[in-house]
Amino acid sequence: MVDSIGPKGSTPNARIAPVLGAAAAAKIASAIATPEQQMQASHPVGQLAQELAAKPPVDASRVDRFRKAIADGSFQPDPQKVADKLLSLRGEWIDDAA
């Protein structure tokens, strides 16, 4: 026997979830956080990353102060401090590469 085409009476199947509208589906999707989002929200490093991402990468006022100091000759770098810092950074780079 062949079923006719078209609507026919049926009983709802409890195993099949009802179809949600687009607004309801978007609301549910926004409420579900990915593991990365959960970690960022709960972990101090994730919070710090969010704070730093909100700030500009360069402090423009500090750069301007250095430019003015160099231009007027009042900036006098300490060669010993510069050398010490370069050596410490080199040590960090070597440790990170290993």
Side-chain angles (χ1 to χ4, degrees):
M1 176 173 214
V2 177
D3 290 332
S4 63
I5 298 174
K8 51 186 168 177
S10 65
T11 58
N13 189 337
R15 295 182 304 168
I16 300 174
V19 176
L20 299 174
K27 185 176 179 182
I28 291 172
S30 66
I32 300 172
T34 64
E36 293 83 13
Q37 292 168 334
Q38 291 173 351
M39 190 218 46
Q40 285 181 350
S42 64
H43 198 275
V45 173
Q47 293 170 353
L48 177 62
Q50 289 175 347
E51 291 172 15
L52 291 175
K55 295 180 181 179
V58 176
D59 184 357
S61 64
R62 185 173 183 210
V63 172
D64 288 338
R65 287 195 311 266
F66 277 102
R67 282 186 179 155
K68 288 177 185 175
I70 291 169
D72 68 15
S74 64
F75 179 70
Q76 297 295 324
D78 182 359
Q80 185 64 42
K81 285 184 180 180
V82 172
D84 289 343
K85 186 66 176 178
L86 286 172
L87 290 173
S88 70
L89 288 173
R90 182 180 179 276
E92 288 176 21
W93 292 331
I94 289 172
D95 290 343
D96 289 344

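No hydrogens, no waters, no symmetry mates; every other heavy atom, side chains included, goes into these values.
- For Ser74, the side-chain contact (heavy atoms from CB on, under 4.5 Å) criterion is met by Ala69, Asp72, not counting sequence neighbours.
- Leu87 is linked by a side-chain contact (heavy atoms from CB on, under 4.5 Å) to nothing, counting only residues two or more places apart in sequence or in another chain.
- When all heavy atoms of Pro79 and Pro77 are compared, the closest pair comes out as CD-O, 3.3 Å.
- By the side-chain contact (heavy atoms from CB on, under 4.5 Å) test, Gln76 is found to be paired with no residue, residues two or more places apart in sequence or in another chain being considered.
- Within the structure, side chain to side chain donor-acceptor pair (under 3.5 Å) pairs that include any residue of residues 61-70 comprise Asp59-Ser61 (at least two apart or interchain).
- Remark: Glu51 pairs with no residue by the side chain to side chain donor-acceptor pair (under 3.5 Å) rule, at least two apart or across chains.
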Check your understanding: Can Asp84 and Gln80 be said to form a side-chain contact (heavy atoms from CB on, under 4.5 Å), step by step?
Key -> CA-CA 6 Å; Asp84 289 343; Gln80 185 64 42; 3.1 Å; yes
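- By the 4.5 Å side-chain criterion applied to Ile, Leu, Val, Met, Phe, Trp and Tyr, Phe75 is assigned to a cluster that also includes Phe66, Ile70.
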